[in-house]
Amino acid sequence: MKIIVAIKQVPERDARIRIDAEGTWIDLQDVEFTLNESDAYALEEALQLKEEHGGEVVVLSAGPERVGKTIREALAKGADRAIHVESDDLAAYDALGVARLLAAAVKDEQADLILTGLQSDDLGLGQTGVILAELLGLPHASLILKIEAAEGGVKVLRELEDGWFQHVELPTPAVLTIQSGNSKLRYATLMGIKKAKTKEVRRVTPLELAAEPEASVVVLERVLLPNKQRTTQILGGSPAEAAAALVEKLRFEVRAL
Amino acid sequence: MSELTSGVLVFLEIKNREISRISWEAMAAAHTLAEGHGLSVDVALVSSPGNPIFETIHGKAPRTVYAIDHPLLHEYTADGFAAAYAQLIEQVNPSYVVFPHTYQVRDFAPCLATRFKQVLISDVTGIETHAGAETAPPTFIRQLLQGKLNAHYRHRGTGPCFLSIQAGAFRADAAEAGATTLATFEPRLDAAKIRTKPGEPFRASAQTVDLGSASILVSVGRGIKEEANLPIVQELATALGAELAASRPICDSGWLPMERQVGSSGQTVAPKVYLAIGISGAIQHLVGMKGSQCIVAINKDENAPIFEVADYGIVGDLFDVVPALTAAVLKAKG
């Protein structure tokens, strides 16, 4: 089974949020980056499928040079090679534009499956995988927890709302977007880290992909810190003082104790 | 070919044989948009036109209600829904297409938008219309970085603008009288072009806890760090007579069962008191609990988005605050 895993490098969860000078994104100075959480699960599913059925796992990522570090980490965990769509200017593309780049980068790979996380922890659009399927003319299923090989394709477990699930069968090649949480994520071994250094990373630019640049239809104009929806009373003092103050509130104002 | 003027087309969803609450909220969002731009609102629903559910449509009356009717739509598939919706959009030719932001919409709407060379603006929490609306397009607000940042988006160019509306962001309108036409829309669908085969939905296991009936919930998130630390929140829950709940990562890690998960992929709760402990407050969690009467947040990060919805907050290390709170509760209960 040949599996492509599209991954994204995103700011660490506890990164300090300061708005940049243009007011259109956060100031990335001093920000640490990491692999997007649901993409980490997509990678894990791909590696498990390879262990079970053999084949190849190819990591695909778009972004500036720093993304190379996240790609190496994926290779260290066991992916076989990688494609890095190198661009310092991804913010100029909307979700369709990014998906067009990814589609152009993998269209000749003849993969059986393309996996990606269901949404990114930074922009959270939750669309790249589904758009990619449409651009490549492939069937897809989203919010997938489990993948099994089946006659002519795969059988997947899909999460629905409110604790419901369903199985979906679909023919391969197909695109699946992976929900977090089904498997335990592996760590890279020392041997894996060593091997990753020699694995192939093919770097391509948007220009080389000749993915026709089209004007974005959706533009992120500015970002701002959210307004509070409720007035929060912050209870200060030592932990014991704050706890006592909260109990007072819960007893006499909320009347819940 | 359409004689109709362009407007806003809202796709509603049925859940438990009713039009879902989030669908009404999407319709309210559509009316906000329509009023700002002098547009009309049409509504569409996959159902046979004889379904009594059409009599339950409330809110500001739409102009036309389309009953999208086809045997291949009886069970949801992305291929079937995207094809049917695309045909209706071509016929109606709306300026805006509005969806409730549900798991189903997330599954097919990005595809559908792509067919029109458009990008879905997903998870919209606010719409600002501007004076001189014909020339100034509206601003769509959505959250970034797990709710730590708000972003203003704009649609440009020609072609319909696709939006999905987050739960709880708009208030469903009360019913208003008005003239509405019910029209049947029969899409042309080909069974051979539906590539996925969906199975019957099922619940993973019998529910043994009912978070919905608890008056106090003690909910724990990533801040607890390790499974071994859970007893400190369990002790607080016991002292308060509360049920223990959790954010998604805790259930993903298997530290608490999925049925205790609050948020868009878990339960929606509205207890008298919701204590969020070590929960940063990503939107997926907030939609499941922000209707709580009183929200208490305990978090070491004073900028955590959970404080935006909290009534009371303690900024501090939960490993110091929670035991102190348990002691204070026990003392108060004497």
Side-chain angles (χ1 to χ4, degrees), chain A residues 11 13 17 26 94-96 121-127 130-131 133-135 139-143 159-171 180-181 215 217-226 228-230 232-235 239-240 242-244 246-247 249-251 254 256-257, chain B residues 78-79 102-103 106-107 110-111 114-115 118-123 144-146 148-157 195-204 216 248 252 258-259 265-266 272-273 294 296 303 305 307-316 320-321 324-325 328-329 332-333:
Chain A
R13 256 166 209 281
I17 308 294
I26 53 167
D94 59 16
L96 179 56
D121 295 335
D122 53 357
L123 295 178
L125 294 164
Q127 300 187 37
V130 180
I131 298 173
E134 177 70 18
L135 294 175
H140 77 273
S142 62
L143 288 140
E159 183 181 288
L160 306 174
E161 278 147 339
D162 300 329
W164 289 79
F165 300 88
Q166 86 182 139
H167 285 108
V168 179
E169 287 177 44
L170 62 172
S180 304
V217 286
V218 166
V219 189
L220 172 57
E221 288 198 316
R222 68 189 192 113
V223 295
L224 54 173
L225 295 170
K228 282 182 176 292
Q229 294 170 18
R230 299 194 189 189
T232 312
Q233 271 189 55
I234 296 291
L235 308 171
L246 179 58
V247 167
K249 300 284 182 196
L250 292 179
R251 273 186 106 176
V254 188
L257 285 185
Chain B
D79 287 337
T102 62
Y103 275 27
R106 290 163 72 170
D107 192 55
C111 258
T114 303
R115 284 184 201 177
Q118 295 294 321
V119 175
L120 172 72
I121 305 178
S122 55
D123 229 344
L144 307 179
L145 294 161
Q146 320 273 322
K148 288 180 195 144
L149 209 56
N150 276 348
H152 287 190
Y153 280 84
R154 217 168 61 178
H155 174 254
R156 67 178 178 198
R195 297 166 291 185
T196 56
K197 227 168 76 190
E200 271 302 303
F202 62 93
R203 269 208 135 115
I216 305 180
R248 181 165 189 116
D252 277 353
M258 284 291 181
E259 60 184 349
S265 52
K272 193 162 184 191
V273 182
C294 170
V296 179
N303 295 315
F307 286 117
E308 282 148 39
V309 299
D311 300 285
Y312 300 107
I314 299 178
V315 179
D320 298 328
V321 175
L325 186 55
V329 169
K333 285 193 162 182

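Each chain gets a letter, A, B and so on, in the order its sequence line appears, and its residues count up from 1. Scope of the values below: all heavy atoms of this structure, side chains included, with no hydrogens, waters or symmetry mates.
Contact tally against chain A (heavy-atom pairs below 4.5 Å) for B/G199, B/A324, B/P110: the top residue is B/P110. Interface remark: of the candidates B/G157, B/P198, B/P201, B/P201 forms the most heavy-atom pairs closer than 4.5 Å to chain A.
B/V273 touches chain A through its side chain: at least one heavy atom from C-beta onward sits under 4.5 Å away, while N, CA, C and O do not. Heavy atoms closer than 4.5 Å to chain A are found in the backbone of B/E200, but not in its side chain. Within the 4.5 angstrom heavy-atom criterion, atoms from both the backbone and the side chain of A/L96 approach chain B. For A/A141, the part sitting under 4.5 Å from any heavy atom of chain B is the backbone (N, CA, C, O) and nothing else. Looking at B/D320, both its backbone and its side chain come within 4.5 Å of chain A, counting heavy atoms on both sides. With a 4.5 Å cut-off on non-hydrogen atoms, A/I131 touches chain B through its backbone and its side chain both. For a residue to count as touching a neighbouring chain, one of its non-hydrogen atoms must lie under 4.5 Å from one of that chain's; by this rule B/I216 touches chain A with the side chain only. The parts of A/L224 that come within reach of chain B are both its backbone and its side chain, each placing non-hydrogen atoms under 4.5 angstrom from that chain. For chain B, the nearby part of A/R251 is the side chain; its heavy atoms alone come within less than 4.5 Å.
Smallest separation of non-hydrogen atoms from A/L220 and B/L144: CD2-CD1, 4.5 Å.
Using a distance-only test at 3.5 Å, with no hydrogens or angles considered, no donor-acceptor pair links the side chain of A/Q233 to the main chain of B/Y312. Judged by distance alone, the side chain of B/T196 and the main-chain N or O of A/L170 form no donor-acceptor pair under 3.5 Å. When atom types are taken as modelled, the side chain of B/K333 and the backbone of A/L257 share no donor-acceptor pair closer than 3.5 angstrom. Side chain of B/R156 to backbone of A/A215: no donor-acceptor contact under 3.5 angstrom is found. Although no hydrogens or angles enter the test, the distance criterion places a donor-acceptor pair under 3.5 Å between the side chain of A/Q127 and the main chain of B/L120. Panel note: side chain A/E161, backbone B/Y103; a donor-acceptor pair is recorded below 3.5 Å.
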- prompt: When you look at B/V329 and A/L250, which way does the side chain to side chain contact (heavy atoms under 4.5 Å, CB included) test go after all the steps?
  reply: CA-CA 10 Å; B/V329 169; A/L250 292 179; 5.9 Å; no
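By the side chain to side chain donor-acceptor pair (under 3.5 Å) test, B/Q118 is found to be paired with B/H155, residues two or more places apart in sequence or in another chain being considered. Residues passing the side chain to side chain donor-acceptor pair (under 3.5 Å) test with B/D107, sequence neighbours excluded: A/S142, B/Y76.
Using a 4.5 Å heavy-atom threshold, the side chains of B/L325 and A/V247 count as touching.
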